[in-house]
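Have a look at the structure below before the remarks.
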Number of protein chains: 2
Amino acid sequence: MELKPVAKRFVLHWGEMGSTWGVNRTVAQIHALLFIAGRPLNADDITETLGVARSNVSMSLRELANWNLVKTVHLLGDRREHFETIADVWELFRTIVRERKAREFDPTIAVLRECLASPEFAAEDGVSQVRIKETLALMESLSTWAGEMIRLDAPTLMKLIKMGAKVQQFVRKGES
Amino acid sequence: MELKPVAKRFVLHWGEMGSTWGVNRTVAQIHALLFIAGRPLNADDITETLGVARSNVSMSLRELANWNLVKTVHLLGDRREHFETIADVWELFRTIVRERKAREFDPTIAVLRECLASPEFAAEDGVSQVRIKETLALMESLSTWAGEMIRLDAPTLMKLIKMGAKVQQFVRKGES
DNA sequence: TTTAATTTTCAGAAAATTCTGAAATGTTGA
DNA sequence: TCAACATTTCAGAATTTTCTGAAAATTAAA
């Protein structure tokens with residue numbers, strides 16, 4: 001399966017951005033390929049199109065499954081598993097936020113709570129104590145907020161995002 | 001400068017999370033150290049406390065400067081440069097969002113725009129065309145939204161985050 | 001069953017990233 | 001201008017991550 005020029009550009013770019021986004025090149029490329037193809041592909045299609053080892057594709061698909069970004073489907077008359085990703089970009093976005101929250105926030109919140117609960121906490125410098133508390137409070141706020149946002153249905157979420165800073169008119173000044 | 005137990009835990013954890021957050025361990029550790037110390041440290045303090053090479057500290061501080069996360073200060077009677085990070089967690093958060101947006105979003109938006117503008121775009125599969133357009137629209141929405149959010153002053157931003165999903169009451173149903 | 005197709009596993013190779021130490025460069029007070 | 005101090009640079013070492021290919025395991029038709 002030979003990619004058309006723009007699709008190729010898209011897949012290669014997604015792959016390059018992968019490391020910034022916390023997944024490796026092949027994982028990101030496979031995701032991009034499934035997304036742009038818009039139909040289920042089997043592992044050999046992917047292997048051939050991307051020019052990587054079959055085993056790499058197998059591992060990367062599992063990684064994408066861990067991210068809840070691919071699911072397997074079966075085509076009539078074909079034994080092989082086929083893979084597809086989420087078609088709706090807002091749904092995709094929600095999934096990525098959910099997973100990144102779980103990877104980038106939750107573990108740190110857990111550690112910070114342990115720090116605060118620790119008997120040694122009282123012996124720390126005053127500044128350190130304050131900073132740890134503030135960091136935890138911030139991360140808890142963000143985590144709660146993100147959790148609530150991704151629970152919204154896609155159209156509502158989209159409207160909120162598109163309102164942008166206009167929502168600030170609903171924040172009463174002076175209220176804490 | 002020997003770290004107290006909880007501070008040490010904090011710095012080590014921050015370092016481990018670094019790779020998830022897109023910076024390497026030393027960079028993340030230095031940032032954590034400056035944050036928890038709450039006072040300007042010089043490069044030798046950092047070197048000694050973290051047990052890494054002086055040159056590594058130098059490079060990492062530059063990386064943090066590229067992220068706008070540290071600035072240098074001078075103490076009276078001390079020739080050496082001292083480094084401090086942003087004290088306010090909300091300010092810190094805004095800086096990180098601004099920088100991640102610049103690294104994780106802006107380049108992709110640029111590429112997607114080029115894809116759409118390209119003369120080859122018309123020759124792509126129908127699905128691919130739609131998906132690229134939708135991806136660009138999503139990323140532009142998020143980018144604009146993030147840009148507006150980080151422009152808010154810290155107290156307003158905090159209030160909005162704490163409102164969480166309550167803001168959805170201001171989204172009129174049926175409006176697109 | 002047996003056989004063929006498909007998928008997964010994993011040890012080691014390849015590649016990429018991070019880190020170090022020595023040397024070069026820059027800076028400031030004497 | 002010099003010498004001591006401070007900082008940066010960078011080639012190569014160490015480490016980590018990613019990828020491959022061969023073998024093992026799994027699955028499903030014959």
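Owing to the predicted nature of the structure, the values given are computational and were not obtained by experimental measurement. Computation of the quantities below employed the complete heavy-atom set of this structure, encompassing side-chain atoms and omitting hydrogens, waters and symmetry-equivalent molecules.
For A/Ala43 and B/Val52, each mapped to the nucleotide of DNA chain C holding its nearest heavy atom, the one lying further toward the 5' end belongs to A/Ala43. Each of A/Arg79 and A/Ala53 was matched to the nucleotide of DNA chain D holding its nearest heavy atom; the match closer to the 5' end belongs to A/Ala53. When each of B/His82 and A/Met59 is assigned the nucleotide of DNA chain D with its nearest heavy atom, B/His82 is the one assigned upstream, toward the 5' end.
Nucleic acid contact for B/Arg80: sugar-phosphate only, since backbone atoms but no base atoms lie under 4.0 Å from a heavy atom of the residue. Across all strands shown, B/Arg25 has heavy atoms under 4.0 Å from sugar-phosphate atoms exclusively, and none from any base. Counting any heavy atom pair closer than 4.0 Å across all strands shown, B/Asn24 reaches sugar-phosphate atoms only and no base atom.
Side-chain contact, B/Ser60 with B/Asn56: a donor N or O sits under 3.5 Å from an acceptor N or O. Residues B/Asn68 and B/Glu99 bring a donor and an acceptor atom of their side chains to less than 3.5 Å of each other.
Per the geometry, CD belonging to B/Gln29 stands 13 Å off P belonging to C/dT18, to the nearest Å. Here the P atom of nucleotide C/dT8 and the CZ atom of A/Phe83 are 6 Å apart, to the nearest Å. Between the NE2 atom of B/His74 and the P atom of C/dT27 there is a distance of 11 Å, given to the nearest Å. The distance from atom CG of B/Leu41 to atom P of D/dT7 is 13 Å, rounded to the nearest whole Å. Following rounding to the nearest Å, B/Arg54 (CZ) and D/dC5 (C1') show an atom-to-atom distance of 11 Å. Taking atom CG of B/Leu61 as the reference point, atom P of D/dA6 lies 16 Å away to the nearest angstrom. Note: CD (A/Glu81) to P (D/dT26) measures 15 Å, nearest angstrom. Put simply, CD on A/Glu63 is 14 Å from P on C/dT8, counting in whole angstrom units.
A distance-only check finds a donor-acceptor pair linking the side chain of A/Gln129 to the backbone of A/Glu124 [under 3.5 Å].
Taking all atoms of both residues into account, the shortest heavy-atom contact from B/Ile46 to B/Leu34 is CD1-CD2, 4.2 Å. Between A/Glu91 and A/Ala154, the shortest heavy-atom contact is OE1-CB, 4.4 Å.
One finds no side-chain N or O of B/Ser55 lying less than 4.0 angstrom from the OP1 or OP2 phosphate oxygen of D/dT8.
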